[in-house]
Amino acid sequence: MFRCSVRLIKGLTQITWLREQPVLPNLLYRRSVPAAYLPSRALRVTWPCAEEVKDFSLPNPSWSQNMRNLYNKYMELSQQGSWIRLPSYNVTATHLIGKAEQCPDSAKPQVTTRLFTRNLDVEGLGFEYVMFYNQAELRTVGIFQAGPYLEGPIGLTHGGAIATIVDTTSGACAICTLGKVKTANLNINYRSPITLGSTVEVQCRVDKIEGRKIFMSTEIRSADSQVLHIEATALFIQMKMSE
Ligand SMILES: CCCCCCCCCC(=O)SCCNC(=O)CCNC(=O)[C@H](O)C(C)(C)COP(=O)(O)OP(=O)(O)OC[C@H]1O[C@@H](n2cnc3c(N)ncnc32)[C@H](O)[C@@H]1OP(=O)(O)O
């Protein structure tokens with residue numbers, strides 16, 4: 001599936017054409033697990049292909065009412081077909097292999113890495129978020145609730161944690177649009193602080209695509225849209241076929 005996605009993507013520069021491409025093959029393309037991500041023998045973490053693999057972008061008891069309201073809004077839009085909820089796991093390789101696919105025996109040793117934004121075992125302490133992708137408009141929306149372990153200034157969210165959410169939400173949009181990418185550049189204007197525990201809406205869109213470069217812009221606003229917290233731009237580079 002990965003080779004197929006790469007073939008489809010190769011040489012494409014027209015946004016209009018990209019709008020017609022399927023989302024999930026880009027997100028869930030299959031590839032072998034790189035040696036660098038395979039485990040040391042000292043640590044043991046459950047392999048993500050286990051049946052009970054958890055999707056972290058579903059509601060949990062730590063979610064605020066604002067978070068639930070925004071989630072319900074985009075779930076309703078998803079049912080109408082314009083948006084798709086992006087599943088989220090705590091090991092990056094799970095996204096690459098896909099939940100439904102069988103683990104190759106060679107990849108079964110226990111993975112020791114965790115996705116940075118999903119590295120806490122207790123719900124609500126760190127990053128609580130869910131992302132939706134709109135394929136027709138090449139946009140993602142992230143609904144983000146900042147937990148108490150993301151503190152920077154007293155009672156406020158750390159700027160690095162905010163940068164992480166910008167990178168993650170705009171990166172997810174770039175991946176859904178072009179396939180595997182890396183962040184090359186991230187610029188953030190912090191307009192007003194995000195209080196710990198509050199819920200905000202992260203709006204990302206593709207500005208343009210030039211060859212392997214995809215330019216994104218992001219705004220973070222309060223749940224009621226009244227307060228502008230962040231304005232950001234990012235550049236992602238599509239990975240080469242050999243990577
Ligand atoms: C599973 C769920 C995940 C959710 C999403 C998470 C997203 C998170 C993504 C990340 O955080 S990635 C980790 C942080 N990023 C890195 O570690 C990247 C480190 N840098 C690199 O690996 C390389 O520099 C990079 C891949 C970005 C580019 O190297 P390449 O060899 O592939 O590209 P090349 O140097 O050939 O440049 C290709 C084009 O991009 C341009 N370019 C590259 N870096 C640039 C830069 N920094 N600024 C502006 N332009 C840049 C370059 O000029 C050129 O333009 P032209 O095609 O017009 O000539």
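Remember, it's a predicted structure, so these values are computed and weren't measured experimentally. Just follow the structure's listing: the first ligand is 1, and inside any ligand the first atom is 1.
In terms of protein heavy-atom proximity, atom 48 (N) of ligand 1 is closest to L235 CD2, 3.7 Å. Counting protein heavy atoms only, atom 20 (N) of ligand 1 is closest to T183 O, 4.7 Å. Nearest to atom 7 (C) of ligand 1 among the protein's heavy atoms is D167 O, 3.9 Å. For atom 3 (C) of ligand 1, the nearest non-hydrogen atom of the protein is I175 CD1, 4.4 Å. Closest to atom 30 (P) of ligand 1 among all protein heavy atoms lies R212 NH2, 3.7 Å. Of the protein's heavy atoms, A184 CB, 3.8 Å lies nearest to atom 46 (C) of ligand 1. K182 CD, 4.4 Å is the protein heavy atom nearest to atom 21 (C) of ligand 1. Among protein heavy atoms, the minimum distance from atom 40 (O) of ligand 1 is reached at I237 CD1, 3.1 Å.
Of the protein's heavy atoms, at least one falls inside 4.0 Å of atom 11 (O) of ligand 1. Protein heavy atoms are found inside the 4.0 Å sphere centred on atom 58 (O) of ligand 1. Per-atom contact check: atom 35 (O) of ligand 1 does not touch the protein, criterion being a heavy-atom distance below 4.0 Å. Counting protein heavy atoms under 4.0 angstrom from atom 53 (O) of ligand 1 gives zero. Distance remark: protein heavy atom present below 4.0 angstrom from atom 15 (N) of ligand 1.
Checked by atom type, the side-chain pair Y129/S57 shows no donor-acceptor distance below 3.5 Å. A donor atom on one side chain and an acceptor atom on the other are found under 3.5 Å apart for N187 and N185. In summary, the side chains of N134 and S82 do not present any donor paired with an acceptor at a separation below 3.5 Å, with no hydrogens or angles considered. In the model, R139 has a side-chain atom that pairs as donor or acceptor with a side-chain atom of Q203 under 3.5 Å. At a cut-off of 3.5 Å, with distance as the only test, no side-chain donor of E76 or N72 sits close to an acceptor on the other residue. Inspection of the N66 and S64 side chains reveals no N or O donor paired with an N or O acceptor under 3.5 Å.
For ligand 1, the atoms lying closer than 4.0 Å to a non-hydrogen atom of T168 are 5 (C).
Distance CG/N60 to NZ/K54: 6.0 Å, rounded to 0.5 Å.
Stacking of R205 on the aromatic ring of F215 is not recorded, the 6.0 Å distance cut-off and the 45° axial limit not both being met.
By heavy-atom distance, the residue among R118, K213, K240 lying nearest atom 39 (C) of ligand 1 is K213.
At a threshold of 4.5 Å between non-hydrogen side-chain atoms, the residues I162 and L150 do not count as touching.
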- Start with the C-alpha distance between W63 and E128, add both sets of side-chain angles, then the distance that settles side-chain hydrogen bond (donor to acceptor under 3.5 Å, both in side chains), and finish with yes or no. CA-CA 8 Å; W63 283 22; E128 287 294 337; 2.9 Å; yes
